[in-house]
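Accompanying notes for the structure given below.
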Amino acid sequence: MNENMKVITVRTAKGIVIKIRNFEMPDIRRVMEIEEESFLDGDAGLYLELYEEWPEGFLVAEKEGELIGFVVLVLTPEGEGRIFAIAVDSRYRGRGVGRALLKTAFNVLRKRKIGYVRLEVRVSNQIAQRLYRSVGFMEIGFIPFYYKNGEGAIVMRKVL
Ligand SMILES: CC(C)(COP(=O)(O)OP(=O)(O)OC[C@H]1O[C@@H](n2cnc3c(N)ncnc32)[C@H](O)[C@@H]1OP(=O)(O)O)[C@@H](O)C(=O)NCCC(=O)NCCS
């Protein structure tokens with residue numbers, strides 16, 4: 001790990017201790033493992049492109065040196081933040097890792113004086129919707145046939 005990298009240690013509400021830091025190239029293998037088990041439809045090339053565009057927007061969570069989750073932020077042409085992807089290793093879900101990643105991502109955006117963050121989520125993904133509502137996202141729209149399998153997306157937005 002780069003010695004100058006900022007690392008945040010978080011004890012989640014569910015009592016596990018994780019470290020949150022920026023993504024680095026060698027992390028891509030674990031990111032793709034987690035992304036594939038989460039059926040997010042992305043590919044490694046796209047993740048690396050987004051990282052190169054804005055390295056500070058790509059955060060990972062580690063537990064005892066193992067990468068167990070990630071969040072990728074992008075900036076929209078309107079100057080808002082957007083959660084491009086978030087996923088947690090299935091063995092560690094429900095322990096506050098997703099919420100900790102999101103809160104750290106909000107701070108990255110606030111530091112850039114960005115006022116809003118938005119995202120799209122599958123209509124069927126009740127768990128993610130619940131997480132997003134719990135950190136202040138509100139539903140602002142719906143996009144039919146947004147995903148490859150024809151499923152629609154709920155659009156959510158939060159004031160930072
Ligand atoms: C969505 C995801 C990132 C959440 O990460 P996580 O670490 O499990 O979430 P947290 O433990 O921080 O949970 C935060 C909130 O999410 C909701 N939640 C999490 N797991 C839940 C479950 N099994 N059932 C219902 N709600 C749940 C709850 O509101 C929870 O808050 P609470 O613990 O105070 O009740 C994770 O489930 C995941 O990787 N899913 C697959 C990928 C995915 O769907 N990504 C989102 C695409 S838009």
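All ligand and atom numbering here is 1-based and tracks the order in the structure.
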For Tyr147, does the OH atom have more than 12 heavy-atom neighbours from other residues, nucleotides or ligands under 6.0 Å away? yes
Which distance, rounded to the nearest 0.5 Å, do you find between the CZ of Phe84 and the CD of Glu120? 9.5 Å
So, regarding Arg95 and ligand 1 (criterion: nitrogen or oxygen to nitrogen or oxygen, under 3.5 Å), is there a contact or not? yes
If I apply the N/O under 3.5 Å rule, does Gly94 come out as touching ligand 1? yes
SB check Glu66 Arg91 (cutoff 4.0 Å): yes
Protein heavy-atom partner closest to atom 45 (N) of ligand 1 - residue, atom, separation in Å: Ile86 O, 2.8 Å
Check: Val88 N/O within less than 3.5 Å of ligand 1 N/O: yes
Exam field: side chain Ser38 to backbone Leu40, donor-acceptor pair closer than 3.5 Å: no
For Val97, counting its heavy atoms only, list the atoms of ligand 1 lying under 4.0 Å from any of them. 7 (O), 12 (O)
Do the charged groups of Arg157 and Glu80 touch, with an N to O distance under 4.0 Å? yes
Identify, for atom 12 (O) of ligand 1, the protein heavy atom at the shortest distance, and state residue, atom and that distance. Arg99 N, 2.9 Å
Purely on distance, is any nitrogen or oxygen of Leu40 under 3.5 Å from one on ligand 1? no
Could you tell me whether Asn125 approaches ligand 1 through its side chain, its backbone, both or neither, with non-hydrogen atoms closer than 4.0 Å? side chain
Testing Ile114, Leu73, Leu160 for side-chain contact (heavy atoms from CB on, under 4.5 Å) with Phe106, which one passes? Leu160
among protein heavy atoms, the one nearest atom 22 (C) of ligand 1 is Ile127 CD1, 3.6 Å
Distance in Å, Lys6 NZ paired with Thr104 OG1, rounded so as to fall on 0.5 Å steps: 9.0 Å
Checking Ser134 against Arg99: is there a side-chain donor and acceptor pair closer than 3.5 Å? yes
Any chance the rings of Phe70 and Tyr47 have centres within less than 6.0 Å? yes
Which residue owns the protein heavy atom closest to atom 48 (S) of ligand 1, what's the atom, and how far is it? Tyr132 OH, 3.2 Å
Which segment of Gln126 sits under 4.0 Å of ligand 1 when only heavy atoms are counted: neither
Would you mind listing which atoms of ligand 1 come within a distance below 4.0 Å of any non-hydrogen atom of Ala87? 39 (O)
Are the side chain of Asp27 and the backbone N or O of Glu24 linked by a donor-acceptor pair below 3.5 Å? yes
Ranking Arg130, Glu35, Glu37 by closest non-hydrogen atom to atom 29 (O) of ligand 1, top hit is Arg130
Is there a polar contact, in the sense of an N or O pair closer than 3.5 Å, between Lys14 and ligand 1? yes
Look at atom 36 (C) of ligand 1 and find which of Arg93, Arg133, Lys103 reaches it with the closest heavy atom. Arg93
Tell me, which protein residue and heavy-atom name are nearest atom 16 (O) of ligand 1, and how many Å apart are they? Leu131 CB, 3.2 Å
Gly98, any N or O under 3.5 Å of ligand 1 N or O: yes
How long is the gap from CZ on Arg122 to OH on Tyr146, to the nearest 0.5 Å? 10.5 Å
What protein heavy atom is closest to atom 10 (P) of ligand 1, reported as residue, atom name and distance in Å? Gly96 N, 3.6 Å
